[in-house]
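The residues of the chain are indexed from 1 along the displayed sequence. Computed from a predicted structure; not experimentally measured.
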Amino acid sequence: MVLRLNWLVVLSLFAGGFAPASDQKITPVKFSTQIIRIGQKKITVEIAETPEQHQYGLMHRNTLPADQGMLFVFKNQQTLSFWMKNTFIDLAIAYIDKNKKIIDIQEMKATNQMMVGEPPSYPSQKPAQYALEMNKGWFAKNKITKGQKFSFSNK
């Protein structure tokens, strides 16, 4: 009887203590948006410039519209490293230097909540001041390569 009661307590903890992702209340961080241009391509980006915005990024999203992404802006050029914790869509990242020139492009694999341990990190090959996250394959599909520059657009 005591053993059976303990198992019931353990089972009830598992049943009630772990809500699925869709039931969890997640308070999203607010981002402003801007249009940037790379070559002839215009992109609508959410701007992540505070530490809280940097940390939250594109977490807890199931989709990212075409030609939309997130631009991470840092005060100083430095070696940057991103990971995909709680990020459910595959992404591509372009690391961009202080002159707004793309110095590195990498593909990043989505994670899930059942993942054990920390997700892999994706460090920049050189110091960067910006990072642009887009859907997986976006840079290749749009022929955006290292050496190209981005600019803020007036629309």
Distance, nearest 0.5 Å, that separates OH of Y95 from CZ of F82: 5.5 Å

Worked check of salt bridge (charged side-chain N to carboxylate O under 4.0 Å, His left out) between E133 and R61: CA-CA 13 Å; E133 289 184 339; R61 298 191 194 189; over 6 Å; no

Distance (rounded to the nearest 0.5 Å) between T87 OG1 and M59 CE: 6.5 Å

Minimum heavy-atom distance between S153 and K42, given as atom pair plus value: OG-CE, 4.1 Å

Contact summary for G137 and E107, nearest pair of heavy atoms: N-OE1, 3.1 Å

Side-chain donor or acceptor of T111 paired with backbone N/O of N86 under 3.5 Å: yes

Heavy atoms from other residues, nucleotides or ligands near CD of Q55 exceed 12 (cutoff 6.0 Å): no

Nearest-0.5 Å distance that lies between atom CD in Q148 and atom NZ in K100: 16.0 Å

Interatomic spacing from CD in E46 to CG in L64 - rounded to 0.5 Å: 8.0 Å

Beyond-backbone contact of I35 with I43, side-chain heavy atoms, under 4.5 angstrom: no

Ring geometry between Y56 and F31 (parallel below 30°, tilted from 30 to 60°, perpendicular above 60°): tilted

Same apolar cluster (I L V M F W Y, side chains within < 4.5 Å links), M134/Y122: no

Any donor-acceptor pair under 3.5 Å from Q77 side chain to N99 backbone: no

Close side-chain approach of Q78 to P127, heavy-atom, < 4.5 Å: no

Check: S121 side chain, P123 main-chain N or O, donor-acceptor pair, under 3.5 Å: no

Shared hydrophobic cluster for L71 and I103 (ILVMFWY, side-chain gaps under 4.5 Å): no

Atom pair CG/NZ of D97 and K149 - distance to nearest 0.5 Å: 7.5 Å

Any side-chain heavy-atom pair of Q106 and D104 under 4.5 Å: yes

Side chain to side chain donor-acceptor pair (under 3.5 Å) pairs, two or more places apart, involving residues 62-71: K41-D67, D67-W138

ILVMFWY cluster, L80 and I105 together (side-chain gap under 4.5 Å): no

Criterion side-chain contact (heavy atoms from CB on, under 4.5 Å) on I96 and F150, from CA distance to verdict: CA-CA 9 Å; I96 303 166; F150 90 88; 3.8 Å; yes

Gap between atom OH of Y130 and atom NZ of K98 - 0.5 Å precision: 11.0 Å

Any L132 side-chain heavy atom under 4.5 Å of I36 side chain: yes

Any donor-acceptor N/O pair, Q53 side chain to K30 backbone, under 3.5 Å: yes

With sequence neighbours excluded, residues passing salt bridge (charged side-chain N to carboxylate O under 4.0 Å, His left out) with K109: D90

Verdict with supporting geometry, L91 and I89, side-chain contact (heavy atoms from CB on, under 4.5 Å): CA-CA 6 Å; L91 297 172; I89 50 179; 4.0 Å; yes

Residues W83, E118; criterion side-chain contact (heavy atoms from CB on, under 4.5 Å); working and verdict: CA-CA 9 Å; W83 64 349; E118 298 295 334; 2.5 Å; yes

Residues forming a side chain to side chain contact (heavy atoms under 4.5 Å, CB included) with K141, sequence neighbours excluded: none

Stepwise side-chain contact (heavy atoms from CB on, under 4.5 Å) test for F74 and H54: CA-CA 9 Å; F74 295 88; H54 291 163; 3.3 Å; yes

ILVMFWY cluster, I93 and I47 together (side-chain gap under 4.5 Å): no

